[in-house]
Amino acid sequence: MDAAIVKILRSIPRGKVATYGQVAAVAGYPRRHRHVAQLLRKYGDALPWHRVLGSGGQLKTRSDSALDQRFRLQMEGVRFRGSRVDMREHACTWPSERSKALRRRT
DNA sequence: CTTGTGACGCATC
DNA sequence: AGATGCGCCACAA
């Protein structure tokens with residue numbers, strides 16, 4: 001299981017971001033969003049943890065890492081909208097998911 | 001086995 | 001925008 005989730009995390013391309021729920025779902029575990037967080041806590045130091053966000057693109061990181069995360073994301077080209085990320089532009093999508101990302105409005 | 005915990009998610013207030 | 005409550009599920013004690 002961990003391997004599946006980790007695999008997804010590694011598959012997040014640079015300049016893009018994914019939510020816990022999405023990662024969990026794509027990995028094959030729709031309701032395991034919290035475990036994604038648990039894994040990031042354990043192996044996060046060896047994964048693109050900064051590309052994992054909460055729903056809507058919110059930085060859930062409570063620690064001071066939030067600043068680091070935000071900085072890293074911007075460094076990768078991710079645009080922020082106030083305190084959150086432009087999921088509309090950087091929302092990572094997998095073939096397993098529907099192409100709802102196309103439903104973007106300006 | 002029972003409790004407590006948690007980088008969550010959504011509904012509500 | 002911030003806080004609270006409930007649901008969710010694996011893991012630790």
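Lettering of chains follows the sequences in order, A, B, ..., and the numbering in each one begins at 1. Note: hydrogens, waters and symmetry copies are ignored here, and every other heavy atom, side chains too, is used.
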Take atom [atom1] of [X] and atom [atom2] of [N], then tell me their distance rounded to the nearest Å.
| X | N | atom1 | atom2 | value |
| --- | --- | --- | --- | --- |
| A/R32 | B/dT5 | CZ | C1' | 17 Å |
| A/W49 | B/dG6 | CH2 | P | 19 Å |
| A/H50 | B/dA7 | NE2 | C1' | 14 Å |
| A/R31 | C/dC11 | CZ | P | 19 Å |
| A/Q58 | B/dC8 | CD | P | 11 Å |
| A/D2 | B/dG6 | CG | P | 19 Å |
| A/L59 | C/dG2 | CG | P | 13 Å |
| A/H35 | C/dG7 | NE2 | C1' | 12 Å |

**Q.** Point-to-point distance, once rounded to the nearest 0.5 Å, from CG of A/L9 to OH of A/Y43
**A.**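 Going from the CG atom of A/L9 to the OH atom of A/Y43 covers 12.0 Å.
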
Q: Could you check whether A/T61 gets within reach of a base, just the sugar-phosphate, or nothing at all, counting any heavy atom under 4.0 Å?
A: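 If one applies the 4.0 Å heavy-atom cut-off, A/T61 turns out to touch a base.
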
Q) How would you label the contact of A/R41 with the nucleic acid (heavy atoms, under 4.0 Å): base, sugar-phosphate, or nothing? A)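 Base contact - A/R41 has a heavy atom under 4.0 Å of at least one base atom.
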
Q: For residues A/R14 and A/R51, determine if any side-chain heavy atom of one lies less than 4.5 Å from a side-chain heavy atom of the other.
A: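 In contact.
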
**Q.** Atom P, compared across C/dA13 and B/dA7: separation rounded to whole Å
**A.**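 To the nearest whole Å, 16 Å.
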
**Q.** A/F80 CZ: over 12 foreign heavy atoms closer than 6.0 Å
**A.**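 Count over threshold, so yes.
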
(Q) Checking the side chain of A/H90 only, and the main-chain atoms of A/R79 only, is there a donor and an acceptor separated by less than 3.5 Å? (A)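 Judged by distance alone, yes, a pair lies under 3.5 Å.
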
(Q) Please pick, from B/dG6, B/dC8, B/dA7, the nucleotide with the shortest atom-to-atom distance to any side-chain atom of A/H33. (A)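 Taking heavy atoms from C-beta onward, the closest nucleotide is B/dC8.
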
(Q) Give me the atom names and distance for the closest heavy-atom approach of A/A66 to A/T61. (A)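 Minimum heavy-atom separation between A/A66 and A/T61: CB-O, 3.5 Å.
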
Q. Using a cut-off of less than 4.0 Å, is there contact between a side-chain N or O of A/S55 and OP1 or OP2 of B/dC10?
A.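 Looking at the OP1 and OP2 atoms of B/dC10, one of them is under 4.0 Å from a side-chain N or O of A/S55.
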
Q. Between A/S83 and C/dA1, is there a side-chain N or O to OP1/OP2 distance below 4.0 Å?
A.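 Yes, because at least one side-chain N or O of A/S83 sits under 4.0 Å from OP1 or OP2 of C/dA1.
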
Q. Looking only at N and O atoms, is any donor in the side chain of A/R34 or the base of C/dC8 less than 3.5 Å from an acceptor on the other one?
A.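 Such a pair is found, so the answer is yes.
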
